[in-house]
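Order of the sequence lines sets the chain letters (A, B, ...), proteins ahead of strands, with each chain counted from 1. Only a predicted model underlies this, so the values are computations on that prediction, with no experimental measurement involved.
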2 protein chains.
Amino acid sequence: MYPNILRHPGPTPIPKKVELAMTQDMISHRTVEFVNLYQEVTQNVKAFFGTKQDILLLPSGGTAALEAAVVNTVSPGEEVVVISVGAFGDYFISICERYGLHVHKLAKNWGEACTKEDLIEFLKPLSNIKAVFATYNETSTGILNPIEQLAEVVRNHSDAIFIVDGVSGIGGVPAEMDQWGIDILVTGSQKAMMLPPGLALLAVSERAWKVIEANHSTAYYLNLLSYREWAAKGMTPNTPAISLIKGLSAVCDLVEEEGGISKTVERHEVMKNMVREAMRALSIELLTSDKYASPTVTAIRTPEGLDLTAFLGHLKKKYHLDFAGGLGHLQGEIFRFGHMGYCFPSDILQSVSLMEAGLQDLSYQFEPGAGVKAAQDVFLSSLRK
Amino acid sequence: MYPNILRHPGPTPIPKKVELAMTQDMISHRTVEFVNLYQEVTQNVKAFFGTKQDILLLPSGGTAALEAAVVNTVSPGEEVVVISVGAFGDYFISICERYGLHVHKLAKNWGEACTKEDLIEFLKPLSNIKAVFATYNETSTGILNPIEQLAEVVRNHSDAIFIVDGVSGIGGVPAEMDQWGIDILVTGSQKAMMLPPGLALLAVSERAWKVIEANHSTAYYLNLLSYREWAAKGMTPNTPAISLIKGLSAVCDLVEEEGGISKTVERHEVMKNMVREAMRALSIELLTSDKYASPTVTAIRTPEGLDLTAFLGHLKKKYHLDFAGGLGHLQGEIFRFGHMGYCFPSDILQSVSLMEAGLQDLSYQFEPGAGVKAAQDVFLSSLRK
């Protein structure tokens, strides 16, 4: 009966228009209808990536697309740098290690970003790097790495290609893949893209295509050359996630309705600030500094004196407000407030209000209403701009 | 406005109940709700496979699950046998070759099945086979290989594991994986499973798990050990295709409503016979013999004197009846009438009627109504049983 108020950093709520698009009559993927759909969608979604390159659509989770970025570009024994600022950076390391790459790990404490200076310093002694991997938006800590600056550092250092995990970012954060010099940018459907899980989106620079052409991967399902070959005909090598692609078409329409992707990105910025100011007003600590704070997810420390599991369980049970816990060693230390995709300032006001209600139930000491007021102030001031 | 009458051998129409299940509120995959859903669904779908083994759910197309069956069990240089009776058998060969396996190809003419005798003869000189791969239901030709008998031959020959592509079969054909001795059975969501594309289902025998445990695959996304490990907790290693899994739960309910999977399989048998008798009554040739005819898709030769592209185009344009063409060298020679999943005898009557209408438009010589009458006879006789 009660709707689940899903404030996870993915999967995220699905807009009704997207649901309806996904439940239109099924079509075959070897028809003119599909080709038209494919061509329209892959054209419209380019703005999300800031690229003129083709967007490839893989019927898979984001993980598979990250793996595709690895196996199609580098070979066992080759040297790569992986920047990790949290669980999903570590995930990238796991994939690279599984494939026998020589991984140089640039790891930061969870809750910190990798700065330009960090990367310059780290690359100095390294001379034979084939690829640098980075997470743009680290879902486990709510960090947005300064990816434009990191791209510049990679460019200045060597011919290494720069591969970026944009999962949980793309659709809600600025992205200028071509201008910044990102070589492969990957995202998944179930985060800021407002879709159910099961579709991965990936774009490849001209430079990276040359690397991929010279590579001898045995991957079959994740073979990017095969995707490129079929994309030229408006199709995919095997059965695509047809309903998700129909949904993606509706997502592009919705973003267009909002005024284009830059407006959608602005909304995320406002929501981020609303959440951060609300927490400050409630004297609840944030994990990250404002400078590198993610526009799509905020990591929040356990309110003082509360047991986190009990607090989150209470919010879920009594108010149907569904936050995500911490990952890895941050389990029990932080919770994550997702504010991406089909989420609006009004949703933030609602979630903060319900959170305040839960805090009162558990006798946390604060001025009731202070969090909501702080969020409102941010929202109203954004409207006046 | 006009509904598309999708009679392809996948993707296939989606039942309304399944669509509605897929558009329920999104949930996180790291919650008790998901664990309950996962455990219920993977239990209920076992009957489709005829197995007591866990059913693993991969967020991917069937191709990825076929690749998973390859990369998790055999290593480059090892000898395997691939039985190919059509395009999807050849697909299996491509995957095996891509991974550097030593492939012994047992190829039959397109439209023929691989018999027990064929396989006995083929295996005789081979002594070091690690795995035998076969397609159960060959979508390109409408052949149902005698998989139970082939499994027996493999068992009697050696310790090779028997890996079966059940895509386009499972859900509409008999399957007794455990009893027959199949080691890995794979299917995809978009065929007889009544779901959109994007979910692969896979079951593994105890014997095959031992082989997988001893294997050293570098695959990350397709690592079956990792799926097994998470399945024990009612979860998946990365974000699963949550809406498709909700849909699968509804599919299991629908099959239960029909009286269980054996009743669903019987319906497919009836539809197969309806289509075959209808074509005979119209003097249109079938590609395959009755003995090995697929219950889910029928390959039909171009009606004499007609241009196939023009005929299919006409049916699609005027009557919204959407058949699939032939693949490979059968392009232009045959078309494929899909009758699987959410398809009923009433749909066969409708499709045959519309096909007759199209044949009249194109001045094909036949007795109007003869096809429909033949299909009706099969249907009515099935009801009297």
Side-chain angles (χ1 to χ4, degrees), chain A residues 3-4 6 8 10-14 16 19-20 22-23 25-31 33 58-68 70-71 76 91 94-95 98-100 188 190-191 195-199 217-223 236-244 316 322 324-325, chain B residues 3-4 6 8 10-14 16 19-20 22-23 25-31 33 58-68 70-71 76 91 94-95 98-100 188 190-191 195-199 217-223 236-244 316 322 324-325:
Chain A
N4 186 39
L6 187 64
H8 276 243
T12 60
I14 315 301
K16 184 64 75 183
E19 289 178 346
L20 291 175
M22 290 192 300
T23 54
D25 278 356
M26 183 50 63
I27 58 171
S28 159
H29 55 295
R30 297 290 183 239
T31 55
E33 289 99 312
L58 281 60
S60 69
T63 307
L66 296 179
E67 185 172 350
V70 174
V71 298
Y91 208 56
S94 302
I95 298 175
R98 180 74 68 92
Y99 279 96
Q190 80 279 15
K191 306 277 187 177
L195 287 164
L199 184 72
S217 166
T218 53
Y220 191 88
Y221 192 67
L222 298 180
N223 193 283
T236 55
N238 38 60
T239 316
I242 297 167
S243 36
L244 290 172
K316 178 84 192 278
D322 195 353
Chain B
N4 187 39
L6 186 63
H8 276 243
T12 60
I14 315 300
K16 185 62 76 183
E19 288 178 349
L20 292 175
M22 290 191 302
T23 53
D25 277 358
M26 184 52 62
I27 57 171
S28 158
H29 55 296
R30 298 289 184 239
T31 55
E33 289 98 311
L58 281 60
S60 70
T63 307
L66 296 179
E67 185 172 351
V70 174
V71 299
Y91 207 57
S94 304
I95 297 175
R98 180 74 69 92
Y99 279 96
Q190 80 279 16
K191 306 277 186 175
L195 288 164
L199 183 71
S217 167
T218 53
Y220 191 88
Y221 192 67
L222 298 180
N223 192 284
T236 55
N238 37 62
T239 316
I242 297 167
S243 35
L244 290 172
K316 178 84 193 276
D322 194 353

Participant: Nearest heavy-atom pair of B:Val71 and B:Ala219: which atoms, and what distance?
Facilitator: CG2-CB, 3.9 Å
Participant: What part of B:Pro76 is in contact with chain A, defined as an atom under 4.5 angstrom from a non-hydrogen atom: side chain, backbone, both or neither?
Facilitator: neither
Participant: Is there a donor-acceptor contact under 3.5 Å linking the side chains of B:Ser60 and A:Tyr221?
Facilitator: no
Participant: At a heavy-atom separation under 4.5 Å, does B:Thr12 approach chain A through its side chain, its backbone, both, or neither?
Facilitator: backbone
Participant: Using non-hydrogen atoms only, which part of B:Gln190 is less than 4.5 Å away from chain A: side chain, backbone, both, or neither?
Facilitator: side chain
Participant: Heavy atoms only, distances under 4.5 angstrom: which of B:Leu199, B:Leu66, B:Val70, B:Asn238 has the most pairs with chain A? Name it, please.
Facilitator: B:Asn238
Participant: With chain B as the partner, which of A:Ile14, A:Thr239, A:Leu222 has the greatest number of non-hydrogen pairs under 4.5 Å?
Facilitator: A:Thr239
Participant: Do you know which of B:Leu58, B:Ile242, B:Leu244, B:Leu20 has the most heavy-atom pairs under 4.5 Å to chain A?
Facilitator: B:Ile242
Participant: Which bit of B:Leu6 is near chain A, if near means a heavy-atom gap under 4.5 Å: side chain, backbone, both or neither?
Facilitator: side chain
Participant: Distance only, no hydrogens: is a donor on one side chain within 3.5 Å (strictly under) of an acceptor on the other, for A:Asn4 and B:Asp25?
Facilitator: no
Participant: Among A:Pro59, A:Gly325, A:Ala324, A:Ser217, who wins on heavy-atom pairs under 4.5 Å with chain B?
Facilitator: A:Pro59
Participant: How far does CE of A:Met26 sit from CG of B:Asp322, to the nearest 0.5 angstrom?
Facilitator: 12.5 Å
Participant: Which region of A:Glu67, side chain (C-beta onward) or backbone (N, CA, C, O), has a non-hydrogen atom less than 4.5 Å from a non-hydrogen atom of chain B, or is it both or neither?
Facilitator: side chain
Participant: With a 4.5 Å cut-off on heavy-atom pairs, point out which of B:Ala68, B:Pro237, B:Ser243, B:Ser28 contacts chain A the most.
Facilitator: B:Ser28
Participant: At a 4.5 Å cut-off on heavy atoms, which part of B:Lys316 comes close to chain A: side chain, backbone, both, or neither?
Facilitator: side chain
Participant: Can you check whether A:Ile27's main-chain N or O pairs, donor with acceptor, with A:Thr31's side chain at less than 3.5 Å?
Facilitator: no
